[in-house]
Amino acid sequence: MSPAPPAHRSADPAGEALGSTADLAAAAAAEFGNATRGLAQAYQELSDLYRGGGATPDDSRLTQRHVQAYLAARMPATLAVDRAVFDAVVRRRPEWRPASVLDLGAGPGTATWAAAEAFPGLQHAALVEQASAMIDAGRRLAARSASAAVRAATWHRASVAAPPAEPAELVVASFVLGELPDDTLGATVDRWWDLTRGELVVVEPGTPAGFARLRRVRDRLIAAGATITAPCPSDAACPMSGDDWCHFAARVTRSGVHRAVKGGELGFEDEKFAYVSASRQAPAHAPARVLRAPQIRPGHIRLTVCEAPELREAVVAKSRKDAFRWARKAHWGDEVPPGTLKDDRGPR
């Protein structure tokens with residue numbers, strides 16, 4: 001589901017303004033340089049905290065090394081996911097041109113960079129973050145963006161549970177829900193929705209717990225009058241049941257520093273995520289969406305798809321040339337073109 005990196009101009013970290021999000025890595029590299037000593041330990045401390053449902057440490061505990069470790073090893077995954085999610089929204093609403101974004105729990109502004117790339121008409125960005133060290137780093141990164149909206153962004157040091165009353169056409173909360181106390185989730189999401197003039201995008205880790213939180217958010221937003229732009233093909237009850245959960249994956253390219261900090265050898269990793277984009281606009285559902293990696297078999301391809309009002313298996317036979325041609329190129333998370341799976345129902 002991760003989109004291919006768009007064309008962009010290269011930039012020296014110490015030189016000209018940066019272009020697309022592909023160049024954000026260069027700006028981040030200027031923050032930590034080539035010195036990786038201590039980054040692995042700092043990253044592990046952050047990782048342990050996040051996995052336990054904790055929020056970014058407060059100013060008394062968040063060190064500069066923590067911020068550098070985040071930029072080196074966590075920001076690339078968040079960026080890849082945010083780009084994939086915004087790509088899904090753009091595919092459903094190609095004519096939508098939001099002029100403003102409110103980035104909740106912004107960290108160093110990762111989602112704002114992704115939004116500026118996905119929506120070039122962005123004119124105003126407001127970012128909400130509690131950690132002043134993250135804000136400082138985010139401002140330094142933003143100063144190197146080619147987007148005027150990113151460079152001139154307004155930063156608020158505040159809690160996402162009580163954001164400033166600054167409505168926006170696009171409101172995004174990327175990897176934030178898990179940091180909220182469970183009994184405050186509903187009221188907090190209500191506040192976010194009140195500030196939303198177009199789309200509210202909420203992203204969580206692609207885990208059963210992350211999906212469970214998103215499912216609560218989805219139900220609450222639909223009850224408040226929202227329609228789900230992506231990934232759901234309808235506003236009906238979610239067909240997931242039992243221990244199953246809806247999630248996707250974004251491919252993340254690892255730099256040398258990234259590998260060193262995380263102790264990895266491969267040049268890439270796949271970040272699992274779940275998301276929902278709720279809208280005040282007219283419904284724009286995809287006909288169906290691929291929820292698992294397609295299984296290629298002799299003479300046919302098997303797909304697990306969410307197609308309102310159910311989750312089902314589809315078998316695309318080679319004899320159906322157009323549908324089979326599409327299925328051979330289909331990926332986990334892709335939309336299904338209208339009419340493609342007609343008469344291809346497999347066992348449920």
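Just so we're clear, the structure is a prediction, and the values are computed from it rather than from any experiment. When reading the values below, keep in mind they use all heavy atoms of this one structure, side chains included, and skip hydrogens, waters and symmetry mates.
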- Message: Parallel, tilted or perpendicular: which one describes the rings of Phe273 and Tyr275, with boundaries at 30° and 60°?
- Response: tilted
- Task: Could you check whether the rings of Phe248 and Trp332 sit parallel, tilted or perpendicular, using 30° and 60° as the cut-offs?
- Result: tilted
- Message: Using side-chain contact (heavy atoms from CB on, under 4.5 Å), reason through Trp96 and Val90 one step at a time and then give a plain yes or no.
- Response: CA-CA 8 Å; Trp96 186 50; Val90 169; over 6 Å; no
- Task: Please say whether more than 12 non-hydrogen atoms of neighbouring residues, nucleotides or ligands are located less than 6.0 Å from CZ in Arg328.
- Result: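 It does not: Arg328 CZ has 12 such atoms or fewer within range.
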Considering only heavy atoms from C-beta outward, does the side chain of [X] approach that of [Y] to under 4.5 Å?
X: Lys272; Y: Thr207; value: no
X: Leu195; Y: Pro163; value: yes
X: Val305; Y: Leu291; value: no
X: Met134; Y: Tyr70; value: yes
X: Phe86; Y: Val81; value: no
X: Leu341; Y: Val316; value: yes
X: Leu39; Y: Arg65; value: yes
X: Leu221; Y: Val189; value: yes

Look at the side chain of [X] and the backbone N and O of [Y], then say whether any donor-acceptor pair between them is shorter than 3.5 Å.
X: Glu129; Y: Leu127; answer: no
X: Arg144; Y: Leu24; answer: no
X: Thr188; Y: Thr184; answer: yes
X: Arg151; Y: Ser145; answer: yes
X: Arg289; Y: Asp334; answer: no

With rounding to the nearest 0.5 angstrom, report the [atom1] to [atom2] distance, [X] to [Y].
X: Lys329; Y: Ile301; atom1: NZ; atom2: CD1; value: 11.5 Å
X: Asp235; Y: Thr227; atom1: CG; atom2: OG1; value: 3.5 Å
X: Leu311; Y: Met240; atom1: CG; atom2: CE; value: 5.0 Å
X: Arg213; Y: Arg215; atom1: CZ; atom2: CZ; value: 14.5 Å
X: Thr78; Y: Arg83; atom1: OG1; atom2: CZ; value: 13.5 Å
X: Arg297; Y: Arg302; atom1: CZ; atom2: CZ; value: 7.5 Å

- Steps toward side-chain hydrogen bond (donor to acceptor under 3.5 Å, both in side chains) verdict (Thr229, Glu199): CA-CA 8 Å; Thr229 297; Glu199 299 277 329; 3.0 Å; yes
- Item | Cation over ring face, Arg74 and Phe175, 6.0 Å, 45° |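 Yes, a cation-pi geometry.
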- Message: Using the side chain to side chain contact (heavy atoms under 4.5 Å, CB included) definition, which of the options Gln123, Glu166, Glu169 pairs with Ser100?
- Response: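 So the option named by the test is Glu169.
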- Message: As a quick check of understanding, evaluate salt bridge (Lys or Arg N to Asp or Glu O under 4.0 Å) for Arg92 and Glu335, giving each step before the final call.
- Response: CA-CA 9 Å; Arg92 295 314 316 146; Glu335 297 178 6; 2.9 Å; yes
For [X] and [Y], work out which heavy atoms get closest and say how close.
X: Ala69; Y: Ala42; answer: CB-CB, 3.9 Å
X: Leu180; Y: Ala161; answer: CD2-CB, 4.4 Å
X: Val252; Y: Ala80; answer: CG2-CB, 3.8 Å
X: Ala173; Y: Trp192; answer: CB-CZ3, 3.5 Å
X: Pro239; Y: Pro309; answer: CB-O, 4.1 Å
X: Trp113; Y: Leu141; answer: CZ2-O, 3.2 Å

Closer than 4.0 angstrom, basic N to acidic O: yes or no for [X] and [Y]?
X: Arg140; Y: Glu31; value: yes
X: Arg325; Y: Asp322; value: yes
X: Arg292; Y: Asp244; value: yes

For the hydrophobic clusters of this structure (ILVMFWY residues joined by side-chain heavy atoms under 4.5 Å, transitively), does one cluster hold both [X] and [Y]?
X: Met75; Y: Trp155; value: no
X: Leu71; Y: Val150; value: yes
X: Leu46; Y: Val67; value: yes
X: Leu200; Y: Ile228; value: yes

- Item | Residue pair His300, Lys318: steps toward the side-chain contact (heavy atoms from CB on, under 4.5 Å) verdict | CA-CA 5 Å; His300 70 275; Lys318 192 173 184 178; over 6 Å; no
- Step by step, would you call Val101 with Val171 a side-chain contact (heavy atoms from CB on, under 4.5 Å)? CA-CA 6 Å; Val101 60; Val171 177; over 6 Å; no
Side-chain polar contacts of residues 102-111 - donor-acceptor pairs under 3.5 angstrom, sequence neighbours left out - could you list them?
residue, atom, partner, partner atom, Å
Asp103, OD2, Thr112, N, 3.2
Asp103, OD2, Thr112, OG1, 2.8

- Task: Could you please spell out the steps behind the side-chain contact (heavy atoms from CB on, under 4.5 Å) verdict for His285 and Cys232?
- Result: CA-CA 7 Å; His285 303 116; Cys232 310; 5.6 Å; no
